[in-house]
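Just so you know, these numbers use all the heavy atoms, side chains as well, and skip hydrogens, waters and symmetry mates.
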Amino acid sequence: MSTFSTLRHLGCTAGLLLGLTTAQAQDHASHHAPAATASSPAPAAATDPALTEGVITRVDTRSGKLTIRHGAITHLDMPPMTMVFGLQDAQQAAQFKPGDPVRFRVEDQAGALVITRIQPAS
């Protein structure tokens with residue numbers, strides 16, 4: 001084999017190995033934690049990355065909206081701030097009062113930011 005052929009062969013081999021390594025990393029990134037079973041309880045909500053921590057500053061039971069001072073909402077690429085959110089279930093507003101610490105999930109639904117899940121923070 002000529003030097004050029006050997007170098008080309010080594011380059012192709014390195015490229016294949018790099019491709020395999022990248023594919024393996026992508027495969028591992030798509031794995032999820034195993035589902036909870038009777039012997040392994042579900043993780044606590046405090047560790048749920050889908051929930052954002054915040055403190056309610058205002059409750060509008062009539063419109064079903066909460067004003068929340070919140071941390072970063074990573075899945076929406078939103079920095080910490082205070083803003084008004086509508087509740088998917090407007091009647092939940094009556095369960096909260098200003099000063100309550102909460103953990104919540106907000107989704108962009110046709111341009112409106114709506115709380116789809118909310119619970120008192122522990």
Side-chain angles (χ1 to χ4, degrees):
M1 209 185 272
S2 71
T3 304
F4 177 74
S5 294
T6 303
L7 290 174
R8 187 174 66 183
H9 178 71
L10 288 173
C12 288
T13 303
L16 285 172
L17 290 174
L18 180 61
L20 288 173
T21 303
T22 304
Q24 287 173 346
Q26 291 171 347
D27 288 344
H28 290 298
S30 66
H31 290 193
H32 299 285
T37 64
S39 61
S40 68
T47 61
D48 186 347
L51 297 179
T52 301
E53 293 187 12
V55 176
I56 295 175
T57 61
R58 184 170 182 268
V59 176
D60 185 346
T61 54
R62 195 171 47 158
S63 67
K65 294 183 179 182
L66 300 174
T67 303
I68 302 177
R69 184 177 67 243
H70 62 81
I73 301 175
T74 55
H75 69 281
L76 295 177
D77 196 27
M78 184 181 295
M81 65 179 78
T82 299
M83 62 185 300
V84 178
F85 296 100
L87 286 158
Q88 190 168 23
D89 178 1
Q91 294 184 359
Q92 284 184 304
Q95 300 172 18
F96 299 100
K97 64 184 183 320
D100 284 349
V102 293
R103 294 183 54 78
F104 65 100
R105 172 78 177 181
V106 64
E107 297 291 336
D108 184 341
Q109 296 181 352
L113 295 177
V114 177
I115 294 174
T116 57
R117 180 176 165 200
I118 188 167
Q119 64 193 42
S122 324

Identify, with sequence neighbours excluded, every residue that meets side chain to side chain donor-acceptor pair (under 3.5 Å) alongside S63.
D60
Roughly how far apart are I56 CD1 and Q95 CD, rounded to 0.5 Å?
9.5 Å
State which residues pass side-chain contact (heavy atoms from CB on, under 4.5 Å) with T116; sequence neighbours excluded, sorted by chain then number.
Q88, R105, E107, Q109
Can you list the steps and then say if I118 with L51 is a side-chain contact (heavy atoms from CB on, under 4.5 Å)?
CA-CA 8 Å; I118 188 167; L51 297 179; over 6 Å; no
Applied to residues 77-101, the salt bridge (charged side-chain N to carboxylate O under 4.0 Å, His left out) test, sequence neighbours excluded, yields K97-D100
Pairing residues for A90 by the side-chain contact (heavy atoms from CB on, under 4.5 Å) criterion, not counting sequence neighbours:
none
With a 4.5 Å cut-off on side-chain heavy-atom distances among I, L, V, M, F, W and Y, is there a chain of contacts connecting L113 to I115?
yes
Any M83 side-chain heavy atom under 4.5 Å of M78 side chain:
yes
Rounded distance [0.5 Å steps], CD in Q119 versus CZ in R103
7.0 Å
Would you give me the side-chain donor-acceptor pairs under 3.5 Å for residues 66-73, sequence neighbours excluded?
none

Connected via hydrophobic side-chain network under 4.5 Å: V114 and F104:
no
Could you report the tightest heavy-atom contact between A93 and L87, atom names first, then the distance?
N-CD1, 3.4 Å
Test item: H75 side-chain N/O and V106 main-chain N/O as donor-acceptor pair under 3.5 Å:
yes
In the hydrophobic cluster built from side-chain contacts under 4.5 Å, what are the other members alongside V84?
none
